[in-house]
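Only one structure is covered here, and it is reproduced in the block below.
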Amino acid sequence: MLTAIVSAMQEELAAVLALMPDERRETAAGRDFWRGELHGQPVVAVLSRIGKVAAATTAAVLIERYRVDRIVFTGVAGGLAEGVQVGDVVVATEFLQHDLDASPIFPRFEVPLYGRCRFPTDDALTRQLAAAAASALPDSRHHQGLIVSGDRFVSTTTESQALRASLPDALAVEMEGAAIAQVCHDFGMRFAAVRTVSDRADDEAHVDFPRFIREVASRHSAAIVERFLRAS
Ligand code: ADE
């Protein structure tokens, strides 16, 4: 079974790539894909780059060209819900695009012609990923639920308050997950995603995010991916 491991940024995936010494690098759609073995399993690791379009392209290439069997995203997110603090872990059960608004033709957040706002992750894969995250990072607080995505780095308290008001059950915000979830829905591909919280998407986010990315994100991703692959 071929597993795709996806992160948006080099800093989120560096420690995973370091564990794949025999990997082969290939370029497709302007991206580097590393094929190899990790913890005894065949994997393709790739940096999606940042934002929904980049993530959607990456997912489509993984599915159509690499014929992967499942896609796992690992990275960081801004905490939105009250109890979701820096260092916590959020596993997505569903995704929504918080910046999609074709109203009044369609309801706000609804993906036109899909008749839905939310795209679920795969139940069984999500359970496996949540168990791996819990065992890799036992001292962190763990959450499961809605993650919202948009083509904005949310870096003001005013904007995160507005997101909380319009989407009260959103746990965290990032810039890729909902796009991958939609592509996976279209192709019937299994998808799960885990994010460690790097900032609170507030006025301090521009300071907290780079520090967390530099010091913590990659280690967390590598630890979670290791537990996940060893257990499955
Ligand atoms: N990823 C990590 N922090 C984020 C934020 N504040 N906004 C969007 N994506 C993020």
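Excluded from the calculations below are hydrogen atoms, water molecules and symmetry mates; all remaining heavy atoms, backbone and side chain alike, are included. Atoms within a ligand are numbered from 1 in the order they appear, just like the ligands themselves.
Between H39 and F228 there is no side-chain heavy-atom pair separated by less than 4.5 Å. Considering only heavy atoms from C-beta on, I180 stays 4.5 Å or farther from F95 through its side chain. Contact annotation: the side chain of R127 never approaches that of Q144 to less than 4.5 Å [non-hydrogen atoms, C-beta and beyond]. Side-chain contact check for I224 versus V72: every heavy-atom pair is 4.5 Å or farther apart.
Considering backbone and side-chain N/O of G78, one or more are found under 3.5 Å from N/O of ligand 1. Taking any N or O of V154, backbone or side chain, at least one lies under 3.5 Å from an N or O belonging to ligand 1.
The closest donor-acceptor contact from the side chain of S149 to the backbone of Q97 lies at 3.5 Å or more, if one exists at all.
Within the listing of ligand 1, atoms 6 (N) sit less than 4.0 angstrom from a heavy atom of A201. Close approach to F209 involves these atoms of ligand 1, each under 4.0 Å from a residue heavy atom: 2 (C), 3 (N).
Of the protein's non-hydrogen atoms, the one nearest atom 3 (N) of ligand 1 is D199 OD2, 2.7 Å. Among protein heavy atoms, atom 4 (C) of ligand 1 sits closest to F153 CE1, 3.4 Å. The nearest heavy-atom contact from the protein to atom 10 (C) of ligand 1 is V173 O, 3.6 Å. Protein heavy atom in closest approach to atom 8 (C) of ligand 1: R152 O, 3.5 Å. If you check which protein heavy atom lies closest to atom 9 (N) of ligand 1, you get E174 CA, 3.4 Å.
Within the cation-pi definition used here (under 6.0 Å to the ring centroid, within 45° of the axis), R116 qualifies as a partner of F119.
Counting heavy atoms closer than 4.0 Å to ligand 1, residue S198 contributes side-chain atoms (C-beta onward) but none from N, CA, C or O.
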Criterion side-chain contact (heavy atoms from CB on, under 4.5 Å) on V183 and M189, from CA distance to verdict: CA-CA 8 Å; V183 172; M189 173 61 50; over 6 Å; no
